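Proteins come first, then strands; the chains are lettered A, B, ... in the order of their sequence lines, and each starts at number 1. Just the heavy atoms: all of them, side chains too, but no hydrogens, waters or symmetry mates, feed the values below. These numbers come from a predicted model, not from an experiment.
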Amino acid sequence: MVVSKLGSLLNHSLTVNQAKQIQALILVNGLYHLEPLIIRQVLISTPHFSQITTQYVRLILHHMQNPDVFSWSCTIRFLSQHNQFREAFSLYVQMQRLVSCPSSFAISSSLKACARIGYEMGGISIHAQVHKFGFCGVVYVQTALVDFYSKLGSTGIARKVFDEMVGKNVVSWNSMLSGYLRSGDLAMAHSVFDEMPKKDVVSWNSMISGYGREGNMEQACALFRLMPERNIASWNAMISGYVDCRKIELARSFFDAMPRRNTVSWITMISGYSKCGDVESAREVFDQMGEKDLLLYNAMIACYAQNSRSKEALQLFNKMLEPDVNIQPDKMTFASVISACSQLGDLRFVSWIDSYMNQLGIGMDDHLATALIDLYAKCGSIDKAYNLFRGLQKKDLVAYTAMILGCGINGRANDAIKLFEEMMDVQIYPNLVTFTGILTAYNHVGLVEEGYNCFISMQKHGLVPSADHYGIMVDLLGRAGRLDEAYQLIKSMPMQPHAGVWGALLLACSLHNNVELGEIAAKHCFELEPDTTGYRSLLASIYASVGRWDDAKSLRTDLQEKGFTKIPGCSWMEQS
DNA sequence: CTAGGGTTAG
């Protein structure tokens with residue numbers, strides 16, 4: 001009976017609810033032997049059905065008596081479409097042992113997976129198999145290869161495959177085009193664009209976003225006006241271009257003008273406001289969107305997390321879990337939430353989040369691991385951070401930076417320096433946050449000369465130190481008693497020093513009982529942050545240390561009259 | 001049945 005019910009359900013293209021019913025029926029009744037039929041129908045008819053979990057797909061595959069090439073291929077494609085790229089590739093490898101010859105279907109899906117995770121060796125071995133099994137002339141396979149090499153930045157090889165193709169179609173041309181656009185070769189891209197025998201809306205959109213990425217919005221706009229037909233993606237490409245060059249009002253005007261909007265439009269707008277630090281406008285856009293999906297929540301939570309509004313990030317996370325909303329979070333949600341936790345320096349949520357992630361079957365990937373590294377490092381659990389760091393598939397700039405910053409904050413200068421050198425050895429180049437980490441490390445152990453040389457070396461990396469970097473240097477020099485140098489450094493700053501920079505000098509003056517510079521520093525602090533009482537207390541303690549009790553007393557009385565008694569710590573560290 | 005463009009995370 002169950003089988004016949006399943007049969008009738010499987011006759012049609014499935015809705016999400018029907019697919020859910022099928023999933024339940026199969027699981028409850030253990031009907032895995034219905035195998036290829038079901039897996040095909042479920043996976044093909046509902047390719048966007050994300051509620052089917054990876055484990056479920058594996059379960060079916062595992063219970064199949066005799067999975068054929070087609071069942072394997074469907075599964076690989078399914079995983080590849082649901083951002084489970086490593087899993088897709090690993091299934092492709094498993095498939096090799098059990099079937100004599102892969103299908104072009106499986107090959108193109110696996111190539112796509114390799115392209116998305118930048119798995120070069122994987123794609124190249126598939127390319128070798130393409131030759132071995134004689135798929136060289138299949139347009140789908142060739143196009144997937146062009147796309148793979150394009151995405152990896154090997155436009156030369158992509159071009160070689162492309163030139164050997166006999167039956168090029170629009171998709172093949174577009175893949176080649178996007179390769180040149182991705183590598184920033186606008187000239188080649190334009191010549192390919194002109195050469196194309198047929199252009200479709202994708203070709204135009206690619207060109208527009210290519211110019212957008214280069215910051216050439218005039219050209220993008222010209223193409224936008226010229227194109228014969230526009231779809232939502234065309235408008236989105238314009239919005240995204242304006243967002244990238246921080247022209248948020250222009251982005252908004254396109255957003256408002258477009259005839260129809262989709263999730264991408266909303267997300268782009270929210271992330272645009274987020275990048276400009278305009279959290280309120282982002283929230284306004286978020287609230288306007290009627291039916292909110294996972295990605296929209298992710299974008300808004302990320303916005304809060306990136307703009308140091310950790311509490312609101314966690315509140316929104318809780319909101320999406322409420323029964324009336326009930327949206328299941330994914331890896332990206334957790335990455336933002338973990339980041340929010342690390343800003344709060346709060347380990348309380350972490351074990352809960354960890355078990356919740358396990359419960360949902362969310363596996364660890366490099367992004368998530370890096371978020372956790374950041375969290376553990378900032379909370380002082382350096383060893384835990386190190387373990388995660390060692391387990392990373394690929395250590396990139398952000399991972400190294402999180403580790404270096406963590407070691408820096410926790411006074412493990414030698415580790416930080418070692419990591420910094422290791423990073424340079426593998427040709428990963430530091431950014432401003434990396435330098436914050438390494439300078440903090442030098443600061444913690446009081447290595448003044450090394451720190452100073454490092455600060456100077458930023459220029460060699462094409463980086464302009466921010467006020468925060470100056471702040472660390474002032475702190476470093478100041479603590480070492482080199483107050484005049486610290487003061488000179490502040491005066492040499494190309495930008496306006498913020499209160500934290502002066503605060504570092506003030507703190508140093510209080511350590512070394514320097515009234516003269518202390519007063520100067522304090523004056524600036526009072527001006528910049530009149531409500532922060534810590535600066536007054538510091539100055540008072542300087543007065544006290546040289547016996548100017550009256551001055552000290554009048555400052556302290558002043559404080560008590562304002563109702564402040566506590567002395568807050570002063571912080572000049574920017575979150576990464 | 002497969003391949004190309006626009007969005008989110010550390």
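A/Asp200 contributes no side-chain N or O that forms a donor-acceptor pair with the base of B/dG5 under 3.5 Å. Within 3.5 Å, a donor on the side chain of A/Thr370 pairs with an acceptor on the base of B/dG10, or the reverse. In terms of polar N and O atoms assigned as donor or acceptor, the side chain of A/Asn231 comes within less than 3.5 Å of the base of B/dG5 in a complementary pairing. For A/Ser108 and B/dT2, a side-chain-to-base donor-acceptor distance below 3.5 Å is present, hydrogens and geometry of angles not being considered.
With sequence neighbours excluded, no residue forms a side-chain hydrogen bond (donor to acceptor under 3.5 Å, both in side chains) with A/Arg213.
Relative to the side chain of A/Ala371, the nucleotides B/dA3, B/dA9, B/dG10 differ in distance, and B/dG10 lies closest. Among B/dT8, B/dC1, B/dG5, the nucleotide with an atom closest to any side-chain atom of A/Asn205 is B/dG5. Among the nucleotides B/dT7, B/dA3, B/dA9, the one closest to the side chain of A/Thr268 is B/dT7. Checking B/dG6, B/dA3, B/dT7 against every side-chain atom of A/Ile267, the shortest atom distance belongs to B/dT7. The side chain of A/Val264 sits closest to B/dT7 out of B/dA9, B/dT7, B/dG10. Side-chain proximity of A/Ser240 to B/dG10, B/dA3, B/dG6: nearest is B/dG6. Among the nucleotides B/dA9, B/dT7, B/dG5, the one closest to the side chain of A/Ser336 is B/dA9. Distance from the side chain of A/Leu295 is smallest for B/dT7 among the nucleotides B/dT7, B/dG6, B/dG10. Side-chain proximity of A/Asn262 to B/dG6, B/dG10, B/dG5: nearest is B/dG6. Of the candidate nucleotides B/dA9, B/dT2, B/dA3, B/dT2 has the atom nearest to the side chain of A/Phe105.
At whole-Å resolution of the value, CD in A/Gln343 and P in B/dA9 are 13 Å apart. One atom, CE of A/Met269, and another, P of B/dT8, lie 13 Å apart when rounded to the nearest Å. Protein atom CE of A/Met357 is 17 Å distant from nucleotide atom P of B/dA9, rounded to whole Å. Spacing between atom NZ of A/Lys112 and atom P of B/dC1 amounts to 17 Å, rounded to whole angstrom units. Going from atom NZ of A/Lys384 over to atom P of B/dG10 covers 22 Å, rounded to whole Å. Rounded to whole Å, the distance from OH on A/Tyr149 to C1' on B/dA3 is 16 Å. Atoms CE (A/Met227) and C1' (B/dG6) sit 11 Å apart, rounded to a whole Å. A/Tyr180 has its OH atom 17 Å from the P atom of B/dG5, to the nearest Å.
Contact annotation: A/Thr333 side-chain N/O to B/dA9 OP1/OP2 distance is not under 4.0 Å. At the phosphate of B/dG10, neither OP1 nor OP2 sits under 4.0 Å from any side-chain N or O atom of A/Lys395.
Within the 4.0 angstrom heavy-atom criterion, only backbone atoms of the sugar-phosphate kind lie near A/Gln306; the bases stay farther away. At a threshold of 4.0 angstrom between heavy atoms, the contacts of A/Ser109 with the nucleic acid are absent. Heavy atoms of A/Asn169 sit under 4.0 angstrom from at least one base atom. Residue contacts for A/Ser104: at a heavy-atom cut-off of 4.0 Å it reaches a base atom on one of the strands shown. Within 4.0 Å (heavy atoms only), A/Lys275 reaches sugar-phosphate atoms of the nucleic acid but no base atom. Residue A/Lys199 is out of contact with every strand shown, counting any heavy-atom pair closer than 4.0 Å. Residue A/Ala302 is classed as a sugar-phosphate contact, given heavy-atom separations below 4.0 Å to backbone atoms only.
A donor-acceptor contact shorter than 3.5 Å links the side chain of A/Ser209 to the backbone of A/Asn205. No donor-acceptor distance shorter than 3.5 angstrom exists from the side chain of A/Arg246 to the backbone of A/Cys276, with no hydrogens or angles considered. A/Asn307 places a side-chain N or O within 3.5 Å of a backbone atom of A/Cys303 that can act as its donor or acceptor partner.
Relative to the ring axis of A/Phe224, A/Arg230 places its NZ or CZ within 45° and under 6.0 Å from the centre.
We find that A/Arg309 and A/Glu280 are joined by a salt bridge, their nearest charged nitrogen and carboxylate oxygen being less than 4.0 Å apart.
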Validation: residues 382-396 of chain A side-chain donor-acceptor distances under 3.5 Å, sequence neighbours left out:
residue	atom	partner	partner atom	Å
A/Asp396	OD1	A/Val398	N	3.3
A/Asp396	OD1	A/Ala399	N	3.1

